[in-house]
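Indexing begins at 1, ligand by ligand and atom by atom, following the structure's order. Worth knowing before you read on, the calculation uses all heavy atoms, side chains too, and leaves out hydrogens, waters and symmetry mates.
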Amino acid sequence: MSKKIAVILAAGEGTRMKSKKPKALAQVLFSPMIDWVIGAVKNSGIEDICVIKGFGAEYLDEHLGDSCKTALQTERLGTGHAVMQAADFIAQNGGDVIVLNGDAPFIDSDTIEKAHALHIEQGNAVTVISAQIDDPTGYGRIIRESDGSVSKIVEQRDATADELLVKEVNSGAYWFESGVLLTALKSLDIKRKNGENTKKEFYLTDALEEIKKSGLRAGSYTAQSSDIILGANDRVQLLELNELARKRELEKHMRAGVSVPCADGVVICPGAKIGADTVIMPNTTIKGDSQIGEGCIIGPSSLVEDSVIGNGVSFNSSVCYSSKILDGADIGPFVRVRPGSVIGARAHVGNFVEVKNSNIGDGTKISHLSYIGDSDLGTDINIGCGCATANYSGNKKSRTVIKDGAFIGCHTCLVAPVSIGENAYTAAGSTITEDVPDNALAVARSRQSVKANWVKVKQPYKRKV
Ligand code: UD1
Ligand code: MG
């Protein structure tokens, strides 16, 4: 079987997006459209990918890093010209090459694979991926021969009245045999010099006719869902893509046993895993590489990003980034779990609590208005209201350790590095700067003194009591 490679076109500006960044970086469910396309390509087992960059190339470079090869198109002279920039990449790798638009996020690996299977089965030199749509306005029309092969692709602006009626349209994705594509690209150059197009561009679609001139076959694979052709030219259309993707993800999870009693503001990004009998409440976003167990209640008004949540967790009106929350924990309302934290089983955190880069043991309670940063807390600890770990000296972060069963009185300030022993107590209002041994009580505040009749002596103007 021949090698498979991909070229993704992403040099376009997308003027109507009114952005400094290229259109392919516009986001659908918080992922740039180009990542959707790259994901589909990789899922179909293709590793060698070349992205064509142009407008805002620096943003694409920064986003892609070393994950893909890129080629620069210095002038935007059309889709054919864009592919020409990848000529070296295609020549070096050979095999079968799929060319795709970087701004059509709903292409999927199944379509890519099935189109390739048809490409091989029919012995095509090029196989265009098409879709059937009711309103084909704006898309290139697929003109078929009587034997079912493709005669040509005509752009809207070049089409005859009859051709405009055709409802099978070009998705902008095609499989080519790489040698055939490279030869056809050279002919496109000549064609432009003759000025045959109504718009001065190198159309990749013209490659089909060039290929057919050599007696080779052009075929078409019609995708099962016409969503694969969808793109967005402005941010209003981008919202439509977001809505479509959002509904699709919600449906997938609901069919797998997740409850969404009201979908308002519920956004579950692709890649999230959610167990059965979990309820996702309104205004909740689940992003990145997140896993949520069974029987949880997540939301309302919550954000979970790149985090793992166990079974039976309640997570209300809170945010959690790159952290772990274990079975049966009760979080919220108004908790911020910052990266690198682990919250133990049956722990209770919130309301108004921030936890950062800390381990909280099983059954520990941090119930109100506290900050726990860079700390290691054991099991069954009670943290009173309004406690803080002073983890930052101004130039250095230090850790706080609190051992199993300790009781931290309200408004204790723990100046790190410091350690509180097992079952030890701190008195309310203490500022703890030294380690507290197991089973001890630390009182670190001045003793109360009461001055009798102080008001009568010092403030005689006060009303009589
Ligand atoms: C193209 C197809 C059309 C198809 C449609 C599907 C051609 C001539 N037409 O038209 O048949 O129905 O896609 O969406 O190919 N790009 C570059 N460099 C350029 C021009 C474009 O990289 O110089 C990139 C764009 O960033 C985009 C993709 O190529 O990702 C498609 O370009 P676009 O201008 O949107 O082509 P369409 O007019 O949509
Ligand atoms: Mg387009």
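H348 contributes a side-chain N or O that, together with a main-chain N or O of D330, makes up a donor-acceptor pair within less than 3.5 Å. The backbone N or O of K21 lies less than 3.5 Å from a partner atom in the side chain of S19, making a donor-acceptor pair. Remark: the backbone N or O of V154 is not paired with any side-chain donor or acceptor of D158 at under 3.5 angstrom. A donor-acceptor distance shorter than 3.5 angstrom exists from the side chain of S358 to the backbone of D374, with no hydrogens or angles considered. R141 contributes a side-chain N or O that, together with a main-chain N or O of L164, makes up a donor-acceptor pair within less than 3.5 Å. Judged by distance alone, the side chain of S302 and the main-chain N or O of V319 form no donor-acceptor pair under 3.5 Å.
In terms of protein heavy-atom proximity, atom 12 (O) of ligand 1 is closest to N170 O, 2.7 Å. Closest protein heavy atom to atom 25 (C) of ligand 1: G12 N, 3.9 Å. Closest to atom 36 (O) of ligand 1 among all protein heavy atoms lies T79 CG2, 4.3 Å. Summary of contacts: the protein heavy atom closest to atom 35 (O) of ligand 1 is D103 OD2, 4.1 Å. The protein heavy atom nearest to atom 11 (O) of ligand 1 is E155 OE2, 2.7 Å. The shortest contact between atom 28 (C) of ligand 1 and any protein heavy atom is with N101 OD1, 3.3 Å.
If you look at E201 next to ligand 1, there are no close heavy atoms at all, none under 4.0 Å. Contacts of V169 with ligand 1, taken as heavy-atom pairs under 4.0 Å, are absent altogether. With a 4.0 Å heavy-atom cut-off, ligand 1 is reached by the backbone of A10 but not by any atom from C-beta on. In H81, neither the side chain nor the backbone holds a heavy atom less than 4.0 Å from any atom of ligand 1. When heavy-atom distances to ligand 1 are checked against a 4.0 Å cut-off, A11 comes that close through both its backbone and its side chain. At a 4.0 Å heavy-atom cut-off, ligand 1 touches S171 through the backbone alone.
Under the 4.0 angstrom criterion, atom 33 (P) of ligand 1 counts as lacking any protein heavy-atom contact. Taking a distance limit of 4.0 Å, we find that atom 30 (O) of ligand 1 is approached by some protein heavy atom. Within 4.0 Å of atom 14 (O) of ligand 1, at least one protein heavy atom is present.
G102 counts as a contact of ligand 1, since one of its heavy atoms falls under 4.0 Å from the ligand.
Between K213 and E210 there is a salt bridge, since a side-chain N of the basic residue sits under 4.0 Å from a carboxylate O of the acidic one. For K23 and D103, the salt-bridge test passes: some basic side-chain N is under 4.0 Å from an acidic carboxylate O. A salt bridge links R246 and E243; the closest N-O separation between the charged side-chain nitrogens and carboxylate oxygens is under 4.0 Å.
Less than 4.0 angstrom separates some heavy atom of A82 from each of these atoms of ligand 1: 17 (C), 18 (N), 22 (O). Taking every non-hydrogen atom of L77 and a distance limit under 4.0 Å, the qualifying atoms of ligand 1 come out as 23 (O). Those atoms of ligand 1 that come under 4.0 Å of a heavy atom in G140, given as number and element, are 3 (C), 4 (C), 11 (O), 12 (O). Interface of Y203 with ligand 1, defined as ligand atoms under 4.0 Å from a residue heavy atom, comprises 8 (C). Listed by number with element, the atoms of ligand 1 under 4.0 angstrom from any heavy atom of R76 are 18 (N), 19 (C), 23 (O).
Where the criterion is an N or O separation shorter than 3.5 Å, residue side chain and backbone included, L204 fails it with respect to ligand 1. Any N or O atom pair closer than 3.5 Å counts here, and Y139 shares no such pair with ligand 1. When only interatomic distances are considered, the shortest N/O to N/O separation between Q73 and ligand 1 falls below 3.5 Å. Taking distance alone, with nitrogen or oxygen atoms compared against 3.5 Å, T205 stays at or beyond that limit from ligand 1. For ligand 1, one of its N or O atoms has an N or O atom of G78 under 3.5 Å away. By the 3.5 Å distance cut-off applied to N or O atoms, L9 is counted among the residues near ligand 1. Residue-to-ligand polar distances keep I52 apart from ligand 1: every N/O pair is separated by 3.5 Å or more.
With no hydrogens or angles considered, a side-chain donor-acceptor pair links S220 and E168 at under 3.5 Å.
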Please assess K252 against E249 for the test salt bridge (Lys or Arg N to Asp or Glu O under 4.0 Å), listing each intermediate value before the final yes or no.
CA-CA 5 Å; K252 186 181 84 188; E249 286 300 311; 2.9 Å; yes

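Side-chain atoms of V83 and I52, non-hydrogen and from C-beta on, never get closer than 4.5 Å to each other. Using a 4.5 Å heavy-atom cutoff, the side chains of R338 and E354 are in contact. Between Q224 and D110, some side-chain heavy-atom pair lies under the 4.5 Å cut-off.
Among residue pairs with one or both ends in residues 272-293, those qualifying as salt bridge (Lys or Arg N to Asp or Glu O under 4.0 Å) are K287-E305; sequence neighbours excluded.
Note: W36 and F106 have perpendicular aromatic rings, judged against thresholds of 30 and 60 degrees for the angle between ring planes.
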